[in-house]
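When reading the values below, keep in mind they use all heavy atoms of this one structure, side chains included, and skip hydrogens, waters and symmetry mates. Just so you know, ligand 1 is whichever comes first in the structure, and atom 1 is the first atom listed for that ligand.
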Amino acid sequence: MPIDGSLDSIQLRADRERVMGERSPHFYKETLHLERGKGVWLYGADGRQYLDFYNNVPTVGHSHPHVVNAISRQLAALNTHTRYLYNNAVEYADRLTATVADHLDVCLFVNSGSEANDVAWQISQVVTGNAGLLVMHNAYHGITQAGIAMTPAKGLEPARHVEEIPAPDDYRRAVATPAEAISDTEKAIAELRIREIDLAAFIVDSAMCSSGIPDVPDGFLGAIASTIHAAGGLVIADEVQSGFGRLGAMWGHELLGMQPDIVTLGKPVGNGHPLGVVITSRAVLDEFQAQVRLFSTFGGNPVSCAAGLAVLDVIEREDLITNSLTTGTYLREQLRQLAATQPLIGDVRGRGLLAGLELVTDRETKTPATAQTRELLELMRKNGALVGKDGEHAHILKLRPPLVTTRQHVDLFVDILARSLIEVST
Ligand SMILES: Cc1ncc(COP(=O)(O)O)c(C=O)c1O
């Protein structure tokens with residue numbers, strides 16, 4: 001019998017495999033069958049409610065009424081594409097570009113984070129005339145062919161035009177200094193040159209989720225960006241994870257002191273409505289558009305723009321960036337207190353409402369607790385909370401609750417985590 005006890009769920013899982021393939025990815029031994037969401041809560045077909053500390057897409061909360069109404073109203077009025085004129089695409093581009101540095105003043109609208117990164121990569125190659133790309137160790141940037149090449153986290157044969165830079169890691173090795181970052185970047189550029197490939201770009205997720213959610217030292221990304229610029233490359237800030245207040249500031253690159261030439265957005269940008277954005281400078285866009293005619297049918301359609309505008313409204317009206325900062329700090333305080341009595345927790349990291357818990361079987365050897373992390377995810381689900389895992393050894397518990405999470409939710413979550421940790425097999 002599945003955890004949710006429903007024969008409908010068993011049938012649905014079988015039907016899903018029939019029409020979507022047996023290997024279509026899913027979470028949990030018994031896939032969770034969901035019916036609706038509200039705020040930080042997801043409601044299952046089993047009649048249970050789950051505290052959602054995993055999903056960063058509904059960043060202003062599941063089914064936020066302001067976003068739902070904005071989408072519904074726009075869909076009832078007009079939905080078309082950017083080859084026609086309508087107000088809200090321009091309004092949205094203006095609102096978005098007002099949140100980034102002055103030189104980033106134009107937007108290209110697409111449908112997902114992968115597509116945004118793919119387009120950013122096309123722009124970088126066209127503008128520099130080069131073909132080399134630097135990424136962080138074990139980075140994840142998407143599912144298009146270009147996205148997979150910039151995603152060592154997939155574990156595929158490294159692409160010839162891509163080199164990795166080591167991610168900072170103050171738990172397992174000494175804190176990486178900006179000087180080390182510069183030398184690692186120069187080494188990676190030199191490796192590309194040995195293969196007669198010059199640098200087009202460096203792309204980085206400021207949250208560095210798949211690299212283990214490390215605490216990125218001050219000056220680290222700024223030092224890399226300067227080295228990239230000196231070598232003639234462009235800097236792409238992938239804000240798909242870190243954007244819209246996740247780290248306690250509107251943008252991760254802004255918080256970490258990095259000046260990008262291109263910013264890419266996805267996931268939280270439409271609070272669940274599919275939307276991706278590439279923000280860059282007018283000069284870069286003009287150079288690209290002089291050579292490439294790019295048009296996305298759905299990118300920037302009026303309904304997507306209404307969703308995007310509504311997300312910005314809620315972030316501002318509900319002061320969610322401040323909440324991300326303060327509630328995130330409270331979350332880490334509570335997690336560190338828990339770590340004092342739970343030896344499986346080796347390290348607690350993160351910023352804002354992104355937290356990473358590195359789980360180890362032994363605090364001396366820091367051996368990754370991969371199997372225990374997998375088991376903990378199941379136990380947390382059984383006990384009523386959803387979390388994720390990430391990192392090279394899939395042993396880092398990844399917490400990314402909606403930005404409307406309160407201290408009371410954190411207390412409830414930490415209680416569920418404490419109960420679940422006790423149940424993990426030793
Ligand atoms: C940092 C980062 N970039 C890009 C992507 C790809 O976004 P999407 O799945 O919307 O294509 C992801 C998805 O997890 C991501 O984490």
The closest protein heavy-atom partner of atom 10 (O) of ligand 1 is Gly113 N, 3.2 Å
Phe109 and Tyr92 aromatic centres sub-6.0 Å: yes
Test item, Ile143 contacting ligand 1 (heavy atom, 4.0 angstrom): no
Can you list the ligand 1 atoms lying under 4.0 Å from a non-hydrogen atom of Asn117? 3 (N), 4 (C)
Between Lys267 and ligand 1, which residue portion shows a heavy-atom distance shorter than 4.0 Å: side chain, backbone, both, or neither? side chain
Under 6.0 Å between the ring centres of His81 and Phe295? yes
Taking only Lys NZ, Arg NE, NH1 and NH2, and the carboxylate oxygens of Asp or Glu, determine whether Arg172 and Glu358 approach each other closer than 4.0 Å. yes
For atom 3 (N) of ligand 1, what is the closest protein heavy atom, and at what distance to 0.1 Å? Asp238 OD2, 2.7 Å
Specify side chain, backbone, both or neither for Thr264, according to which of its non-hydrogen atoms lie closer than 4.0 Å to ligand 1. neither
Under a 4.0 angstrom heavy-atom cut-off, which atoms of ligand 1 come close to Val240? 2 (C), 3 (N), 4 (C), 5 (C), 12 (C), 15 (C)
Pairing of Lys187 and Glu191 as salt bridge, 4.0 angstrom limit: no
Under 4.0 Å to a heavy atom of Ser112 - the qualifying atoms of ligand 1, by number: 10 (O), 11 (O)
State, without any angle test, whether Asp105 and Thr97 hold a side-chain donor-acceptor pair at a distance under 3.5 Å. no
Starting from atom 16 (O) of ligand 1, find the nearest protein heavy-atom neighbour and note its residue, name and distance. Gln241 NE2, 2.8 Å
Nearest neighbour in protein (non-hydrogen) for atom 11 (O) of ligand 1: Ser114 OG, 2.5 Å
May I ask you to check whether Phe27 and Tyr54 place their ring centers less than 6.0 Å from one another? yes
Distance from Leu12 atom CG to Glu17 atom CD, nearest 0.5 Å? 10.5 Å
